[in-house]
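Take a look at the structure below.
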There are 2 protein chains.
Amino acid sequence: MKHHTRQRQAILKCLDQAKGPLSPQEILVRAREKVEGMGIATVYRNLKSLEKEGMVRELALSGEGARYEKSGLTHHHHFFCRGCNKFYCVEGCPREISFMVPRGFVMEEHEIVLYGKCSECCGNRPV
Amino acid sequence: MKHHTRQRQAILKCLDQAKGPLSPQEILVRAREKVEGMGIATVYRNLKSLEKEGMVRELALSGEGARYEKSGLTHHHHFFCRGCNKFYCVEGCPREISFMVPRGFVMEEHEIVLYGKCSECCGNRPV
DNA sequence: ATACTTGCAAAAGTTTTGCAGGTTA
DNA sequence: TAACCTGCAAAACTTTTGCAAGTAT
């Protein structure tokens with residue numbers, strides 16, 4: 001039987017409030033505002049178990065270590081800002097991409113990542 | 001002035017002969033067939049410098065650590081096989097994706113990764 | 001009470017760096 | 001010869017694990 005701990009709830013809340021997937025470190029910093037003294041191991045452990053339960057999804061798309069987001073969101077993709085090294089969720093998808101699958105391969109999922117600068121890092125202010 | 005060492009040439013040759021981007025470990029194994037006793041540090045160092053020179057491109061798209069490929073290839077994307085944990089290059093691209101870029105953001109690049117099983121891992125033989 | 005979680009510290013990976021010796025131009 | 005590279009080992013990071021103590025049911 002799973003227990004509902006403050007730490008676990010804090011992690012889920014962080015993911016809820018984020019505009020995009022977060023790294024374990026980002027989660028730690030934010031979750032510590034809610035649960036003082038929380039350890040990084042707890043973050044990793046909870047992310048793993050939440051992933052196993054299907055509540056969270058791991059994304060590894062930037063050369064910066066994995067990010068995590070709630071699962072069950074509507075189909076979407078991501079934008080990685082090279083200025084602030086953050087991910088943002090983006091809507092839309094060019095549906096028809098199965099023509100890219102090589103003969104004999106089976107596609108189960110796809111992921112699209114746009115790289116560039118977010119509006120804040122976009123010239124308005126110095127990076 | 002850069003020097004042309006056997007190690008550097010071996011790494012480039014491995015990348016030339018591969019069907020998709022390779023991990024540093026994969027490169028080490030293959031390069032050692034050409035240059036006995038080669039060390040992993042040499043692989044990492046060369047990949048970094050080749051990347052800086054613009055000859056090699058880093059991809060980090062699988063939760064499995066970065067992969068590297070020659071740069072200057074024609075625009076293409078990748079398929080990650082969850083059976084053998086290898087990347088394959090795939091042709092084609094649904095050109096029009098700029099509608100996905102959020103207002104105020106600037107897109108510099110995009111990457112598409114298909115996940116699934118390659119033909120070899122696809123039922124024909126047990127994974 | 002029992003089962004599950006936590007924080008800490010140690011361990012296991014992966015990537016980077018320092019250095020003495022070797023190689024390239 | 002001077003500049004650059006290499007292999008090794010140590011260092012730096014990131015992620016996982018063991019364990020005694022704490023918490024949820």
Side-chain angles (χ1 to χ4, degrees), chain A residues 1-15 21-69 80 82 84-87, chain B residues 1-15 21-69 80 82 84-87:
Chain A
M1 184 57 185
K2 286 279 183 289
H3 293 188
H4 291 195
T5 65
R6 292 180 306 140
Q7 290 86 343
R8 185 188 200 76
Q9 282 165 12
I11 290 171
L12 286 170
K13 188 144 220 168
C14 291
L15 292 174
L22 302 176
S23 69
Q25 279 300 332
E26 287 171 334
I27 292 171
L28 179 66
V29 170
R30 296 174 192 209
R32 266 188 172 156
E33 292 170 9
K34 305 176 208 294
V35 181
E36 206 174 348
M38 187 161 158
I40 186 68
T42 299
V43 175
Y44 279 107
R45 270 189 291 232
N46 273 289
L47 288 173
K48 286 293 175 223
S49 71
L50 287 168
E51 195 186 353
K52 203 168 297 178
E53 295 163 39
M55 302 195 55
V56 152
R57 209 162 78 89
E58 178 188 301
L59 303 173
L61 308 164
S62 71
E64 291 237 313
R67 310 290 164 122
Y68 295 82
E69 70 181 4
F80 180 72
R82 287 168 166 160
C84 54
N85 294 325
K86 284 204 296 251
F87 272 101
Chain B
M1 183 58 186
K2 287 278 184 292
H3 294 186
H4 291 196
T5 64
R6 292 180 305 142
Q7 290 86 343
R8 186 187 200 76
Q9 283 165 13
I11 290 171
L12 286 170
K13 187 142 219 169
C14 291
L15 293 174
L22 302 176
S23 69
Q25 280 299 334
E26 288 170 334
I27 292 170
L28 179 64
V29 170
R30 298 175 189 208
R32 266 188 171 155
E33 292 170 7
K34 304 176 205 296
V35 181
E36 206 175 349
M38 188 160 158
I40 186 67
T42 299
V43 175
Y44 279 107
R45 271 189 291 231
N46 272 289
L47 288 173
K48 286 295 174 221
S49 71
L50 287 167
E51 196 186 354
K52 203 168 297 178
E53 295 164 41
M55 300 196 55
V56 152
R57 208 162 78 88
E58 178 188 301
L59 304 172
L61 308 164
S62 71
E64 291 236 314
R67 310 289 165 121
Y68 295 82
E69 70 181 4
F80 181 71
R82 287 166 166 160
C84 55
N85 295 326
K86 284 204 296 252
F87 273 100

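Proteins come first, then strands; the chains are lettered A, B, ... in the order of their sequence lines, and each starts at number 1.
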Check whether any side-chain nitrogen or oxygen of B:Gln7 sits under 4.0 Å from OP1 or OP2 of D:dG7, and answer yes or no.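 So the side-chain polar atoms of B:Gln7 do come within 4.0 Å of the phosphate oxygens OP1 or OP2 of D:dG7, strictly under.
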
Answer yes or no: does a side-chain N or O of A:Lys48 lie under 4.0 Å from OP1 or OP2 of D:dT16?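 Yes, because at least one side-chain N or O of A:Lys48 sits under 4.0 Å from OP1 or OP2 of D:dT16.
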
For the pair made of [atom1] in [X] and [atom2] in [N], what is the distance, rounded to whole Å?
{"X": "A:Leu28", "N": "C:dC8", "atom1": "CG", "atom2": "C1'", "result": "14 Å"}
{"X": "A:Glu53", "N": "C:dC4", "atom1": "CD", "atom2": "C1'", "result": "12 Å"}
{"X": "B:Tyr68", "N": "C:dT14", "atom1": "OH", "atom2": "P", "result": "14 Å"}
{"X": "B:Arg8", "N": "D:dT6", "atom1": "CZ", "atom2": "C1'", "result": "13 Å"}
{"X": "B:Leu12", "N": "D:dC5", "atom1": "CG", "atom2": "P", "result": "13 Å"}
{"X": "B:Lys2", "N": "D:dA2", "atom1": "NZ", "atom2": "C1'", "result": "15 Å"}
{"X": "B:Asn46", "N": "D:dG7", "atom1": "CG", "atom2": "P", "result": "9 Å"}
{"X": "A:Gln9", "N": "C:dC4", "atom1": "CD", "atom2": "C1'", "result": "15 Å"}

Which residues pass the side-chain contact (heavy atoms from CB on, under 4.5 Å) test with B:Val35, sequence neighbours left out?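 For B:Val35, the residues satisfying side-chain contact (heavy atoms from CB on, under 4.5 Å) (neighbours in sequence not counted) are B:Arg6, B:Gln7, B:Ala10, B:Met38.
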
With sequence neighbours excluded, give me every salt bridge (charged side-chain N to carboxylate O under 4.0 Å, His left out) pair touching residues 25-44 of chain B. B:Glu26-B:Arg67

Candidate nucleotides [options], ranked by approach to the side chain of [X] - the nearest:
{"X": "B:Thr5", "options": "D:dT6, C:dA25, C:dT16", "result": "D:dT6"}
{"X": "A:Thr42", "options": "C:dT24, C:dG7, D:dG7", "result": "C:dG7"}
{"X": "B:Arg45", "options": "D:dG18, D:dT16, D:dG7", "result": "D:dG7"}
{"X": "A:Ala41", "options": "C:dT16, D:dC5, C:dA9", "result": "C:dA9"}

Contacting residues from residues 29-38 of chain A, given that a heavy atom lies under 4.0 angstrom of DNA chain C: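 A:Gly37, A:Met38, in order of number.
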
Nearest 0.5 Å please: distance from the CD1 atom of B:Ile40 over to the CZ atom of B:Arg45.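 Taking CD1 in B:Ile40 and CZ in B:Arg45, the distance rounds to 11.0 Å.
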
Could you state the interatomic distance from CG (B:Asn46) to CD (B:Glu51), rounded to the nearest 0.5 Å?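 The distance works out to 12.5 Å.
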
Is any side-chain heavy atom of B:Val43 closer than 4.5 Å to one of B:Gln25?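 B:Gln25 vs B:Val43: side chains apart.
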
Any heavy-atom pair between the side chains of B:Lys48 and B:Glu58 that's under 4.5 Å? yes

Toward the 5' end of DNA chain C, by each residue's nearest nucleotide, B:His4 or B:Ile40: B:Ile40

Among A:Leu22, A:Thr5, A:Leu50, which residue meets the side-chain contact (heavy atoms from CB on, under 4.5 Å) test with A:Ile11? A:Leu50

